[in-house]
Amino acid sequence: SWLKISIFSTRSPSQRVSWCKVEVTVESPKVITVLVSEEKMVHPPAVVTAINLKTIVNEKQNISEIVSASVLCFHNAKIDVPMPAPERKRSGILSHFTVVRNPGGTGYPIGWKKEVADRNSKNSCSVLSFENSERALLNRFFLELYKLDSDVLVGHNISGFDLDVLLQRSQACKVLSSMWSKIGRLKRSFMPKLKGNTNFGFGATPGLMSCIAGRLLCDTDLCSRDLLKKVISCSLTDLSKTLLNRDRKEISPNDIPKLFQSSKTLMELIECGEIDAWLSMEIMFHLNVLPLTLQLTNISGNLWGKTLQGARAQRNEYYLLHTFHSKKYILPDKFSQRMKDIKSSKRRINHGPEDQNVDELDADLALENDPSKGSKTKKGPAYAGGLVLEPKKGLYDKYVLLLDFSSLYPSIIQEYNICFTTIPRSEDGVPRLPSSQTPGILPKLMEHLVTIRKSVKLKMEKESGLKHLELDTRQEALKRTANNMYGCLGSSHSRFYAMPLAELIALQGREILQRTVDLVQNHLNLEVIYGDTDSIMIQSGLDDIEEARAVGAKVIQEVNKKYRCLKIECDGIYKRMLLLRKKKYAAVKLEFKDGKLCEEIERKGVDMVRRDWSLLSKEIGDLCLAKILYGGSCEDVVRAIHNELIKIKEEMRRGQVAIEKYVITKALTKPPEAYTDSKSQPHVQVALRMRQRGYREGFNAKNTVPYIICYEQGGASSGSSAGIADRARHPDEVKSDDSRWLVDIDYYLAHQIYPVVSRLCAEIQGTSPESIEADQPVILLHPSCLLQAMKKDTKTVSRWH
DNA sequence: TCCGGGAGCGC
DNA sequence: AGGCGCTCCCGGA
């Protein structure tokens with residue numbers, strides 16, 4: 001939004017505290033008003049700059065030193081609407097710059113000076129420069145950054161790496177504060193504490209964030225992890241491939257010194273930095289990060305910069321603060337856990353334990369510190385959550401109806417008027433539902449969100465192009481805000497922590513689901529085969545889709561007439577469905593899109609959707625699934641699967657399977673050194689070894705680590721005598737030394753393929769009793785037989801190229 | 001064999 | 001610094 005500042009005084013250049021072009025002083029915040037957005041008012045274009053550093057590792061001190069720094073600047077980005085690639089190309093103004101220095105200090109390759117001069121003259125401005133020290137590089141870099149005056153800094157893992165390195169090196173190289181503080185908009189004299197323990201060893205510390213005051217930070221690594229939950233790896237290389245379909249060249253820090261030997265290779269290094277900056281910016285635009293976070297921020301009234309860093313809980317907090325404040329409520333102060341401890345002990349000393357207030361406070365504290373309640377330690381759940389029905393496992397080949405309550409928890413808050421203002425604080429147990437009919441703040445706020453979202457969606461349908469995209473972003477943000485509320489009520493760190501409310505909401509959810517099941521089974525005489533939290537699946541027993549839809553419509557009608565706000569809907573119809581376990585199923589789903597019936601395979605929870613299985617097992621799993629879901633008779637399916645297994649086994653033995661397919665991926669939840677049981681975790685072992693070899697990027701907390709289970713040729717620890725973790729190798733290790741490390745095919749057969757296939761097939765035989773008579777196929781898929789097919793084989797060993 | 005700790009899902 | 005429910009795998013008692 002635009003701000004209107006009515007009374008202000010300007011400052012002389014010498015008095016300025018910032019690097020901004022204009023600086024004014026106001027007497028009171030009251031002279032600043034937010035202008036109500038009007039249709040014609042356009043948002044100012046933003047200057048977005050992507051940053052990428054290339055670094056080498058100083059082994060002695062175990063730190064990263066900068067050899068090259070690239071910036072790529074997009075001068076007129078729109079912040080309110082998505083900018084698809086064609087739009088960016090049409091209206092974009094791009095500029096780029098790289099500064100480089102030779103880490104060996106041995107000068108530059110022959111012809112380099114001319115090469116640089118040619119480049120600069122060709123672009124008719126300075127796009128490339130070289131310096132003789134890291135300090136000079138940093139000075140030049142900050143100067144270029146200052147000239148751009150960016151609103152947004154973008155980078156892949158910029159908050160965890162580039163920003164930290166820039167400031168650490170500035171400190172180490174004694175770069176003047178008048179230079180390094182140009183990375184932000186505020187003039188600084190002293191470097192803040194860069195290291196802090198408030199960020200869990202991850203992301204930018206408060207000190208770092210204070211350095212870029214006045215600019216927004218968009219870390220595409222963090223953003224993509226937040227927005228793309230299902231993506232296997234959020235490394236720049238993998239995202240470039242999945243999102244942009246571009247191959248990225250990776251350069252290991254160890255190889256960088258070599259690249260300074262010729263002009264050609266040095267230019268490649270520089271281009272790599274510029275391309276990385278570009279990729280990061282492309283990912284930002286692709287994910288629509290700026291418009292989405294802007295919308296979320298406009299709804300909640302928190303800081304945009306915080307939204308960019310995730311901060312879901314804070315968004316919720318600010319939204320509630322604004323709402324309660326506007327209704328003239330006074331809210332309690334927020335205390336950190338530490339503050340609570342201090343206050344509590346002080347009061348105890350001052351007033352003695354008999355003080356009633358203290359008892360209350362202590363009770364709160366005791367509740368939070370009690371591990372059995374799980375509020376503080378992440379041990380166990382603090383209260384009961386959603387209801388999951390026991391699945392009636394099997395393969396269903398008649399239409400199955402999938403019904404679910406839309407936005408169950410937000411609707412429950414409205415339906416039962418659940419709020420801080422309607423439910424009295426009670427000592428223990430789940431509180432009772434309020435009898436009051438006067439809507440509380442929370443229900444009203446939910447209704448408000450629903451109403452706005454409806455109107456936005458309505459408006460959206462009438463618009464097209466960019467306006468349509470903007471409104472779509474907004475309605476998505478409104479939904480997220482509503483769904484966020486329940487989770488934050490149950491979070492002990494939240495300012496509005498209210499476990500009794502969260503507990504009550506969840507309890508209502510369980511009862512609603514159970515009531516729905518009872519209604520469907522007992523009164524409508526239909527069979528519910530599964531359900532989870534807010535959904536039920538009904539076996540229609542029908543072959544005709546129109547009849548099935550009619551049954552669905554009837555159920556929806558019967559359920560919905562029992563509620564005021566709650567609404568059950570048909571989310572789809574399954575033509576064929578394999579129900580394996582709780583939270584694990586797959587189906588051929590039918591959906592109506594633009595009036596046309598679409599068919600697609602939906603997979604939930606099965607091994608193939610998990611990142612901790614190799615591509616090999618996932619592909620075989622999908623193959624089997626397709627046979628099961630599209631296949632004909634039971635014996636045909638079983639035989640087809642069996643043949644596939646034999647085929648793939650032969651291909652593996654012959655070395656015809658690409659090595660990439662053996663890669664297993666696991667995420668580090670903490671820095672690799674922090675694991676106490678590292679010796680039993682393959683990915684941790686791999687990360688530790690790679691870090692020791694100088695690879696820093698990609699082996700930190702929250703990174704995903706790829707590995708292959710191998711055995712060492714001629715090694716003493718043959719086969720399974722060594723632990724799995726010891727035999728895990730990074731794909732690069734296997735590729736670079738393929739005579740030493742061989743893929744352990746037996747491991748993959750027994751531990752990657754067999755379990756996946758056998759789980760998928762477990763229900764096949766039981767489902768169609770009539771086909772059991774043809775006992776041959778059943779034998780083929782019997783576990784012992786599968787194992788036979790997978791495991792026992794001639795002990796041939798193949799090499800991988 | 002049983003039991004727990006982590007991953008990583010579903011909702 | 002959102003919640004709980006539910007497989008799975010693995011290692012150790």
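The chains referred to below are lettered A, B, ... by the order of the sequence lines, with proteins before strands, and numbering in each begins at 1.
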Legend entry - Candidates dC4(C), dC8(C), dA7(B) - which lies nearest the side chain of Lys666(A): dA7(B)
Inset, instruction - Compare the minimum distances between each of dC9(C), dG5(C), dC4(C) and the side chain of Pro755(A), then state the nucleotide with the smallest one. - result: dC9(C)
Legend entry - Protein-nucleotide distance (Leu389(A), atom CG; dC6(C), atom P), rounded to Å: 10 Å
Legend entry - Distance below 4.0 Å between Arg581(A) side-chain N/O and dC8(C) OP1 or OP2: yes
Legend entry - Option passing side chain to side chain donor-acceptor pair (under 3.5 Å) with Arg312(A) (candidates Asp226(A), Thr481(A), Thr307(A)): Asp226(A)
Inset, instruction - Would you kindly compare Leu387(A) and Asn483(A) by the position of their nearest DNA chain C nucleotide and give the one closer to the 5′ end? - result: Asn483(A)
Inset, instruction - Answer yes or no: does a side-chain N or O of Tyr585(A) lie under 4.0 Å from OP1 or OP2 of dC11(B)? - result: yes
Legend entry - Under 4.0 angstrom between Lys583(A) side-chain N/O and dG10(B) OP1 or OP2: no
Legend entry - Nucleic acid contacts - residues 604-613 of chain A versus DNA chain B, non-hydrogen atoms under 4.0 Å: Lys604(A), Gly605(A), Val609(A), Arg610(A), Arg611(A), Asp612(A)
Inset, instruction - Specify the separation, in whole Å, of atom CZ of Arg603(A) and atom P of dG10(B). - result: 10 Å
Legend entry - Touch class at under 4.0 angstrom, heavy-atom based, for Arg315(A) against every strand present: nothing
Legend entry - Other residues, nucleotides, ligands: >12 heavy atoms within 6.0 Å of Lys575(A) NZ: no
Legend entry - Distance in angstrom units between Asp404(A) CG and dG10(B) C1', rounded: 13 Å
Anything under 3.5 Å between a donor and an acceptor, one on a side chain of residues 402-414 of chain A, the other on a protein residue two or more places apart or in another chain? List them.
from      : atom 1 : to        : atom 2 : distance (Å)
Ser411(A) : OG     : Ser406(A) : O      : 3.3
Ser411(A) : OG     : Ser407(A) : O      : 2.7

Legend entry - Beyond-backbone contact of Tyr563(A) with Ile512(A), side-chain heavy atoms, under 4.5 angstrom: yes
Legend entry - Check: Leu504(A) and Leu433(A) side chains under 4.5 Å, non-hydrogen atoms: yes
Inset, instruction - Quick one: sort the Tyr574(A) and Tyr585(A) rings into parallel, tilted or perpendicular, breaks at 30° and 60°. - result: tilted
Scan nucleotides 10-13 of chain C against the protein and return all N/O pairs shorter than 3.5 Å with their distances rounded to 0.1 Å.
none

Inset, instruction - Respond yes when some side-chain nitrogen or oxygen of Thr669(A) is under 4.0 Å from OP1 or OP2 of dA7(B), and no when none is. - result: yes
Inset, instruction - Would you classify Ala667(A) as touching base, sugar-phosphate or nothing, given that sugar-phosphate means primed atoms plus P, OP1 and OP2, and contacts are heavy atoms under 4.0 Å? - result: sugar-phosphate
Inset, instruction - Using only side-chain N and O atoms of Gln681(A), determine if any of them is under 4.0 Å from OP1 or OP2 of dA7(B). - result: yes
Legend entry - Whole angstrom value for the distance that separates C1' of dT7(C) from CD of Glu763(A): 14 Å
Inset, instruction - Send over the distance from Asp571(A) CG to dC11(B) C1', rounded to a whole Å. - result: 12 Å
Inset, instruction - Identify whether any heavy atom of Gly487(A) sits under 4.0 Å from a base atom; if not, whether one sits that close to sugar-phosphate; answer base, sugar-phosphate or nothing. - result: base
Inset, instruction - For Gly386(A) and for Cys488(A), find the nucleotide of DNA chain C with the closest heavy atom, then tell me which residue's nucleotide is more 5'. - result: Cys488(A)
Legend entry - Salt-bridge criterion met for Asp221(A) and Arg225(A) (N-O under 4.0 Å): yes
Legend entry - 4.5 Å side-chain heavy-atom contact, Ile620(A) and Trp613(A): no
Legend entry - Within 6.0 Å of CZ in Phe699(A), more than 12 heavy atoms from elsewhere: yes
Inset, instruction - Decide if atom NZ of Lys582(A) counts as having more than 12 heavy atoms of other residues, nucleotides or ligands within a radius under 6.0 Å. - result: yes
Legend entry - Rounded interatomic separation in angstrom, taking CG from Asp532(A) and C1' from dT7(C): 13 Å
Inset, instruction - Report the distance from atom CG of Asp534(A) to atom P of dG10(B), rounded to the nearest whole Å. - result: 14 Å
Inset, instruction - Would you mind reading off the distance between Glu317(A) atom CD and dG3(C) atom C1', rounded to a whole angstrom? - result: 17 Å
